[in-house]
Each structure stands twice: as structure tokens, then as C-alpha cells.
There are 2 protein chains.
Amino acid sequence: MTKRAMLSKDHPCRSCDVSAEALCRALDVETLADFRNQGGRLHLTAGQTLFHQGDPADCVFSLTSGVVKLYAILSDGRRQIVAFLFPGDFVGFETQQSHGFAAEAIGDTTLCRVLKRRFEWFVDHYPALAEARYRRATAELAIAQERMVTLGRQTAAERLAGFLSDIQRRAGFRGRDGANLVPLPMSRGDIADYLGLTKETVSRELTNLRKARVIRSHSLTLIEILDPRGIGALACGIAA
Amino acid sequence: MTKRAMLSKDHPCRSCDVSAEALCRALDVETLADFRNQGGRLHLTAGQTLFHQGDPADCVFSLTSGVVKLYAILSDGRRQIVAFLFPGDFVGFETQQSHGFAAEAIGDTTLCRVLKRRFEWFVDHYPALAEARYRRATAELAIAQERMVTLGRQTAAERLAGFLSDIQRRAGFRGRDGANLVPLPMSRGDIADYLGLTKETVSRELTNLRKARVIRSHSLTLIEILDPRGIGALACGIAA
DNA sequence: CGTGCCGTTGATGCCTATCAAGGACCGTGG
DNA sequence: CCACGGTCCTTGATAGGCATCAACGGCACG
């Protein structure tokens, strides 16, 4: 049994099943309880925004269920989705005063919220949390830099293959027959805006992969990867 | 007089004129001297690489003069430059074991090198340095995310305008007649690989800006911005 | 059972890449 | 000092990949 089980029976963190990499995990049990009591729990339904571009960034959030998109909108309506956030991801721990991007729920979503000032108090007093926060920041930086390569230099097919690999790694699961299943809770338009393409191109490339028997669609929001090597070969590109 | 003047007369950091945001500035004088003695100074000439993709990341570097490009190469030779580093910038403070990108000097370059283990010892013992390192990481993350927008959604003209604005902010200076001068030490090919374009397109867009009297070329590596508002109008895009 | 949103597919066009040639600049060596 | 070669930049012609425009189909919802 993990220390986690020692939380009082009705403490929300007790049943929190976010991935082991969540920043909260850097805290021991009593501290976690303390930390958790600083904030509140938040529910969002599809399309609700957590914050807009330019909003003051005075809270940090830990996503416990659902998927959130982080995006920028240009003056003429063009949109770029900077990241999809999955359970276990943190939002808002950047040092800027205001949010550079908007955050919006893709489906039903729950988050934990803590005032940033509180969060920083904990960071100052618990080196493990500071360390975890720093590791998270550099990990995200590395991801962001990889995405520059994707957006700057890859073709539509490569982008989509890379995207499917990523989602599989972060949210993929096995069917009872061992099938390699990948959920796609976001719309085609969202995928397009994430990859710097249009929804039509995303749709076309998906059918290409389908025709090539690399993937199979179980529904609009659930695909199966039939040929992981094929996906990998397309996606890789990077490094010699 | 700043505390800096208290460094022993021949201490290398004494004459170091990197921008005030360099991480070293988080340390007080004696500590800085101590810190500085851990490493060495490094000189590179045009085209020399500091490290390759995949090299073990066991040193951190502080750029004191010159410009360095950080880039990835895909298996078929496509290249994406992830960042240009200017004096005051730090390299290699990410948490990964190996470098995800290669670093190469664009012209003559000098850097300070410190073993990462040493650096981390200082981070552990000087909270101000930890704080500065964290701020730097999140600042770079924000920049990387902005660049996703550029690479994913902006046109060639917008990318170039944004690029010129950025370089002006980071390395621009005034001529004796007040001219708004921007150095371009990197080649057109480098700019192209930074912006996700080709060198031909970069060249064409530069001549467009020239014909539109938005910029003027003093030489291949030095341009003058005649119409900052024009550049800004093109570059902005972001936010309504 | 209609209505609307989302996804797919097709036809067309545009932006930028690619291919190609000429020109400017620079360092070298005669 | 000038000729020379190489590299980088510029400019033009053409092509291709993806966007745009448009129509249709499926699915969810009222």
C-alpha cells in the first residue's frame, strides 16, 4: 500500500487517479492534504473555457480527468493549438503575470485549482516540489521544441502520424483483444489547428492511413493502430 | 558601483558584459567567482559545433559573445533551427540526459562552460539561482509556444516580420543618426530553417520589404528598419 | 422526423517549394 | 593589384502540396 492510502477516507486526493507524474506526487501525504485544501475542485463541460488569452495567471490547475486544449487566436481568426492537456498535466505554472494562451475543455473535465501564491509557498518550502516543477517545465520545453520541428518541417502525413503516436503514448490503451486503441476526443478541426493544417487535410490523411491499412476507425473518436511500425516510420523523421 | 566591481582585477567575470539576465547574475560576487572557477572558457569559430544531437548533456554553457544556432536534422536532411542564442543566453540546462538538438556557432563565439553536476550543486545551494533557472525555463517555454503559432499559422511575410522584430529586440541597436539597425549574422538559409521556409522565400520576402520601404539593407548582414509600425503590423497577428 | 453540426470527399487555386541561372562578395594566389 | 574560384544571395520559371470552396452524408439532438 502506498502512503496515499493514509489520507483521510473522504479526502479528495485519495481517489485521485492521475498519472504518477502529477506534480502533487512530489508531496508527502500530510503535505498533500494541506496543499489540496488550499484550492478547490473545478468541473468544466465541453467548450467551457478555463481562462482566456491575457487573463491574470493567479491559479495553477491540475487536470484530473478529461482533455483541455491550450491555444492562441490570431486577429483574423486563425488558431493554433499549442498543447492538449491530459490527466496528470499541470496548467498555469508559468512565471508570467498573465496567460499567453486560452484553455478550453474538450469534453467533461475536472481540475484541481490552487492559488498560485499558495502553490509558490509550497514550492519554496518543499524542494521536491520545486524540483518536480522544474523537471516539468524543461520536459514541456523539450516537447515544444520537438513540435517546432513538426510544424516547421514535416509534411501533413508525417504530422498526423506523429500526432497519433503521441496520443497513443499518452492516452492509448489496449482492447480486450490486444488491439492498439487510440482515443481522439478532440474534433478534426482541433487536430488540424494543433498540427498547422486544415480539417480537410486531416480528414484526407486519416483516410489515406485507413486505406493503407495502417489504422482502422472504430468510431469518429476511437481509432486502432494496425501497423505501429508504419506509423513510426512515417512519424520518425527526426535524427539519422 | 555594483558589487561586480569587487571581483579580483583579473577575474574573467569582471569584464563579462553579457546581458543582465544571464543566470550568473543570480549569484553574489564571491559565489560567482567560485562558480566561475568550476568551468572554463570556450572559443568557437564559424561552423564549429558545440555539441551534436544525442551527445551526453553534462555541461551547461553561458554564451558571452557571438551567436549560436540550435537545430534538429531529419533523416532526409531537412533542418529546423529551434533557436538562435545570443550573449546572455544559457544552453544545456535542460534535465534530459542527452542533447535533443545540435548547437553550432554562427560566427566567432565565446562561452563559459560549467559541469552540469557543479551547476546543480550551486542550484541546490543558492535558491536565487534555482529561481533564475526556473524563470529562464518558463520564459523559453513561452517563446517556444509563440513560435509554434508562427510556424503553424503564419504566412512567409508575417514570419519574416516577426523574426526581424525579435532580432531587433534582442540584438538591435541605434546608428549614430538614430537609425534602427538590426544585425543578421546568420545566413538566409539559417533564417529559412528557423522560420520553416526556404532561403529563396526569405530572400524574396526581404526584397518585398525593401521595395515597400519598410526596411533598407546596409549590407547582407545589417538591415535598417525604416517603418517599425509596418513591421509590427505585419508581425503582430496574435491576439485581437 | 427535421435540423444542425461535424466529417468526408471532390474541384480548383494559391502559396511556397523546387529547379535553374545569374550576380555579388570574399578570400586566395598569382 | 587583379584574376579566380567558391559560397552565398537574388531572381525567374515551374511545379506541387495543401488551402479553399463547395457539396454531400452521417450522426446526435430536439
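Here is how names work: the chains are called A, B, and so on, in the same order as the sequence lines, proteins then strands, and each is numbered from 1.
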Quiz item: Is the closest basic N to carboxylate O distance between B:Asp193 and B:Lys199 below 4.0 Å?
Solution: no
Quiz item: Using a cut-off of 4.0 Å on non-hydrogen atoms, how would the nucleic acid contact of A:Ser203 be classed: base, sugar-phosphate, or nothing?
Solution: base
Quiz item: For the side chain of A:Thr207, counting heavy atoms from C-beta on, which of D:dT10, D:dC18, C:dT9 is nearest?
Solution: C:dT9
Quiz item: Quick one: which of C:dG10, D:dC18, D:dA19 gets closest to the side chain of A:Thr198?
Solution: D:dA19
Quiz item: Do the charged groups of A:Asp227 and A:Arg229 touch, with an N to O distance under 4.0 Å?
Solution: no
Self-check item: Gap between atoms CG and P, on B:Asp76 and C:dA17 respectively (whole Å)
Solution: 15 Å
Quiz item: Quick one: does NZ or CZ of B:Arg147 land under 6.0 Å from the six-membered ring centre of B:Tyr194, within 45 degrees of the ring axis?
Solution: yes
Self-check item: A:Tyr71 six-ring centre to A:Arg79 NZ/CZ under 6.0 Å and within 45° of normal
Solution: yes
Quiz item: Any Lys/Arg nitrogen of B:Arg78 or A:Glu158 sitting under 4.0 Å from an Asp/Glu carboxylate oxygen of the other?
Solution: yes
Quiz item: Want to settle it: does B:Leu220 or A:Gly196 sit nearer the 5' end of DNA chain D, counting the closest nucleotide to each?
Solution: B:Leu220
Quiz item: What does A:Arg159 touch in the nucleic acid at a heavy-atom separation under 4.0 angstrom: a base, only the sugar-phosphate, or nothing?
Solution: nothing
Quiz item: Where the side chain of B:Glu200 is defined as all heavy atoms beyond and including C-beta, which of C:dT9, D:dC9, C:dC19 is the nearest nucleotide?
Solution: C:dC19
Quiz prompt | Value in whole Å for how far the P atom of C:dT16 lies from CG of B:Leu151 | solution = 13 Å
Quiz prompt | Value in whole Å for how far the P atom of D:dG17 lies from CG of A:Asn208 | solution = 12 Å
Quiz item: Could you give the CZ-to-C1' distance, from B:Arg210 to C:dA24, as a whole number of Å?
Solution: 13 Å
Quiz item: Between C:dT8, D:dT10, C:dG10, which nucleotide has the shortest distance from any of its atoms to the side chain of A:Arg204?
Solution: C:dG10
Quiz item: Is any side-chain nitrogen or oxygen of B:Thr201 closer than 4.0 Å to OP1 or OP2 of C:dA17?
Solution: yes
Quiz item: Counting any heavy atom closer than 4.0 Å, what does B:Leu206 reach on the DNA or RNA strands: base, sugar-phosphate only, or nothing?
Solution: nothing
Practice problem: Mind calculating the distance between NZ (B:Lys199) and P (C:dA24) to the nearest angstrom? | Solution: 19 Å
Quiz item: Separation of A:Leu184 atom CG from C:dG7 atom P, in whole Å?
Solution: 10 Å
Quiz item: When we call it a touch if two heavy atoms are under 4.0 Å apart, what does B:Ser187 touch: a base, just sugar-phosphate, or nothing?
Solution: sugar-phosphate
